[in-house]
Amino acid sequence: MDLIEELTWRGMIQDIMPGTREQLAKERTAGYIGFDPTADSLHIGSLVPILLLVHLQKAGHKPIALVGGATGMVGDPSGKSEERNLLSEETLNHNLACVQRQLEKYLDFSPSLPNAAEMANNYDWFRNMTFLQFIRDVGKHITVNYMSAKDSVRRRLDSENGMSFTEFTYQLVQGYDFYWLYTHKQCKLQMGGSDQWGNITTGTELIRRKSSGEAFAFTCPLITKADGGKFGKTEKGNVWLDPDKTSPYQFYQFWLNATDADAEKWIRIFTFLSRDSIEALLVQQRADPGARALQKSLAREVTEFVHGQAGYQSAIATTEKIFADQSAPAESLSVEDLESIEGIAKFDFPADKIGAGIDVVSFLAECGILPSKGEARKLVQNGGISINRRKIDSPQFSLTGDLLLHQKYILVQKGKKNYYLVRVG
RNA sequence: GGGCAAGUAGCCAAGUGGCCAACGGCAACAGACUGUAAAUCUGUCCUCUUCGGAGUUCGGUGGUUCGAAUCCAUCCUUGCCCA
C-alpha cells in the first residue's frame, strides 16, 4: 500500500493534485507543511499536519516542517471571517521557538537518514526581501483576478467585514514559500488542511510560471465533530500538546470522551494502527459499545505518541483512581493516591477557617475553585457539586473538620469529570 | 472629500422613549437518563449578592427628558456607492 492509498483509507485526503501519486512513486520527494506561530504551543488541531509529515517520512520521503516567522506576521485569512490581530514581534519569536521545539519531537531529524526531516523558517528568506523586490519578482506572476477567485478571498470580499491588503497578500507570501523551497530544497510537495488549498495552489502556480516546474499537493479534511462543534475544545479551552498547558491526563481524557461516531473516524486519522486492528476494534465496539474499546485505543495511541509511555501511564493511573469505582468512598483513597493524582487542580485553604465550620458556598469561592459565591451557589443548587464524592444538596451545607480526608484533604467535584483537591493547612 | 447603510451580551440576532439585564437561536456549564458516548428533557448562562436585592451594560463622548439600547449632536469603526 503506498502513501496515498494509506492516507486515503485513513480519510486523510481531501483534495489531491493530479500526478502527486506518480511523483511519490517515482522518487524520494521532499514535502512540507507550514505551521503558524499563533500561540506558544501547538494544539491537537496541528496534530493532523504533524501526522501527515510522519506518514510521509515513514513512506521514505523527506518531511520539511516550516514555521511561519514571516507568514505569522501577516495572518492567514483562510477560514477567518474577520481581520486578524497582528502579533507583536516579541510574542512571535517566543511562539516560534516553542513551536519549533515541539515539532522536533515528532519527526526524525537524524542527519544520517537519507530522508532526515528538516526545519525551515520562512522569515529566513523574507527578512531581506524588499517590498519592491517582492512585487516585481512575485506579484508580477500572479493576477489579482486569480487571487480574488480563491474561496478564502471571495468569502471575505462578499462579507461586510472586508479584507485588508495585508491579508489579501498572504497567499502570495505562502506561495513564495513553496517556490523558495522548490528551488532551494527540491521540495515538490505541499500538504496542509483543506482550508489551505487556495494558498497551496498559488504556490504551485508560482512555481509553474516562474520556473516552469511541476509541484504537487494534497490536503486533508478539517477535523470535525459529529455534533458540529469545534474540534479540540474542552471546557478549559484548547487541548494543547504542551504537557504544561494540558496535562497528559486531560489529554487522554479528551480522546476517551470522544463520541462513538467521532472515535470511528479519529482512530484512523490520529493513530498508526493498522487497518486490521482498527477493523477488529470496530467489531468489538459494535458488540459492546459500553466498553468503549475504540475510545480507549484511540486515547492510548495518541497519548503515547504525544506524551510518551510515561505520560500515558500517569494518565491511566489518574483515570483509574478517579473513575474505576465511582461509588467508592473518597475515604478509600490513600494520601499517595490523592497527592499523585496528576492533572487535577490543587488548591490550598487555611485550616483555621474550617475549624469552626464553613458553608460550602463560601468555601468553594474562597479557596478559588469557583470565582464567586453566586456562582458556587448556583452550581450547588443545580446539584453540580460533590464533596468527597457525596453530592451536596443544599447551599447551607456546612463543612467541618471531620470531613477532612487524612486530616488534610478535601476532594471537590464539579460535575462528573472535574476534580479539585483542596489541601487544608 | 460627498452620499447611503450598519455597530446590541462568547457568536448570530430581536428590540426603535418607561412593562429592558434586554425576545429568540447557537455555543458553553450543570442535572436526569446512559457507556466518563449520542439523542432527548430540565436548569443556569453581564458582575456581585446576606437570594430580598445591588451594581455596570446596547461602538465612544456629550446632550434632550422625570425616564434613553431607543431621540439629538459629535467622534470612532466597518461596508456599499460616487469623486
Any A/S372 side-chain nitrogen or oxygen under 4.0 Å from OP1 or OP2 of B/U47: no

Would you measure the distance from the [atom1] atom in [N] across to the matching atom in [M] and give it in whole Å?
| N | M | atom1 | answer |
| --- | --- | --- | --- |
| B/G2 | B/C75 | P | 10 Å |
| B/C23 | B/G62 | P | 28 Å |
| B/C26 | B/C80 | C1' | 29 Å |
| B/U8 | B/A14 | P | 11 Å |
| B/U40 | B/C46 | P | 23 Å |
| B/G67 | B/U16 | C1' | 16 Å |
| B/A6 | B/A13 | C1' | 14 Å |
| B/C11 | B/U50 | P | 30 Å |

Please check if the distance between the ring centroids of A/Y179 and A/Y182 is under 6.0 Å.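 Ring centroids of A/Y179 and A/Y182 are no less than 6.0 Å from each other.
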
Less than 6.0 angstrom separating the ring centers of A/F35 and A/Y106, yes or no?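 No; A/Y106 has its ring centre 6.0 Å or more from that of A/F35.
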
With a 4.0 Å cut-off, would you call [X] and [Y] a salt bridge?
| X | Y | result |
| --- | --- | --- |
| A/K210 | A/D137 | no |
| A/E339 | A/R423 | yes |
| A/R208 | A/E205 | yes |

Rounded to the nearest Å, what distance is computed from the [atom1] atom of residue [X] to the [atom2] atom of nucleotide [N]?
| X | N | atom1 | atom2 | result |
| --- | --- | --- | --- | --- |
| A/D262 | B/A38 | CG | P | 9 Å |
| A/L256 | B/U36 | CG | P | 9 Å |
| A/D393 | B/A32 | CG | P | 12 Å |
| A/K414 | B/U36 | NZ | P | 19 Å |
| A/I392 | B/G31 | CD1 | P | 13 Å |
| A/E264 | B/A37 | CD | P | 17 Å |
| A/L370 | B/A30 | CG | C1' | 11 Å |
| A/K296 | B/A37 | NZ | P | 13 Å |

Report, one pair per line, the protein and nucleotides 50-55 of chain B atoms (nitrogen or oxygen only) whose separation is under 3.5 Å.
from: B/C51; atom 1: N4; to: A/R377; atom 2: NE; distance (Å): 2.8

Residues forming a side chain to side chain donor-acceptor pair (under 3.5 Å) with A/N257, sequence neighbours excluded: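 If we apply the side chain to side chain donor-acceptor pair (under 3.5 Å) test to A/N257, skipping adjacent residues, the hits are A/K417.
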
Side chain to side chain donor-acceptor pair (under 3.5 Å) against A/Y32, all qualifying residues, sequence neighbours excluded: A/Q190

If the test is side-chain contact (heavy atoms from CB on, under 4.5 Å), which one of A/V302, A/L281, A/L51 qualifies with A/T271?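 Per the side-chain contact (heavy atoms from CB on, under 4.5 Å) rule, the option paired with A/T271 is A/V302, out of A/V302, A/L281, A/L51.
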
A/Q171 and A/T202: CA distance, side-chain angles, deciding distance, side-chain hydrogen bond (donor to acceptor under 3.5 Å, both in side chains) verdict: CA-CA 7 Å; A/Q171 54 171 302; A/T202 302; 2.7 Å; yes

With RNA chain B as reference, determine whether A/E375 or A/L379 sits nearer its 5' end, using the nearest nucleotide of each. A/L379

Here's a test of your reading of the structure: between A/G415 and A/Y252, which maps to the more 5' nucleotide of RNA chain B? A/G415

So how far is it from A/I410 CD1 to A/Y420 OH, rounded to the nearest 0.5 Å?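 Between atom CD1 of A/I410 and atom OH of A/Y420 there are 15.5 Å.
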
Separation between OG of A/S334 and CG of A/L405, rounded to the nearest 0.5 Å: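 One gets 11.0 Å once the value is rounded to the nearest 0.5 Å.
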
Got more than 12 heavy atoms from elsewhere within 6.0 Å of [atom1], [X]?
| X | atom1 | answer |
| --- | --- | --- |
| A/Q407 | CD | no |
| A/K140 | NZ | no |
| A/Q309 | CD | yes |

Given a 3.5 Å cut-off on both pairing distances, which stems involving RNA chain B, each at least three consecutive Watson-Crick or G-U pairs, are present, if any?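 RNA chain B stems, ordered by first number: B:1-7 with B:76-82, B:10-12 with B:24-26, B:28-32 with B:40-44, B:46-48 with B:53-55, B:59-63 with B:71-75.
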
In residues 277-293 of chain A, what residues come within less than 4.0 Å of RNA chain B, judged by heavy atoms?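 Listed by number, they are A/P289, A/G290, A/R292.
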
From B/G31, B/U36, B/A30, nucleotide with atom closest to A/N418 side chain: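 Looking only at heavy atoms from C-beta outward on A/N418, the closest nucleotide is B/A30.
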
Under a 3.5 Å threshold, yes or no: a donor from one side chain and an acceptor from the other, between A/D36 and A/T38? no

A/Q295 (side chain) and B/U36 (base): donor-acceptor pair under 3.5 Å: no

Name the orientation of the base relative to the sugar in B/G52: syn if the glycosidic angle is within 90° of 0, else anti.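 The base of B/G52 is oriented syn (glycosidic angle within 90° of 0).
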
Using the 3.5 Å cut-off, write out each protein N or O paired with an N or O of nucleotides 42-44 of chain B and the distance between them.
from: B/G43; atom 1: O2'; to: A/N382; atom 2: OD1; distance (Å): 3.2

CA sep, side-chain torsions, deciding dist, call: A/F270, A/F305, ring pair (Phe, Tyr, Trp, His ring centres under 6.0 Å): CA-CA 9 Å; A/F270 291 100; A/F305 177 70; 9.9 Å; no

Report which part of the nucleic acid A/K225 touches: base, sugar-phosphate, or nothing (heavy-atom distance under 4.0 Å, all strands).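 Here A/K225 touches no strand at all.
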
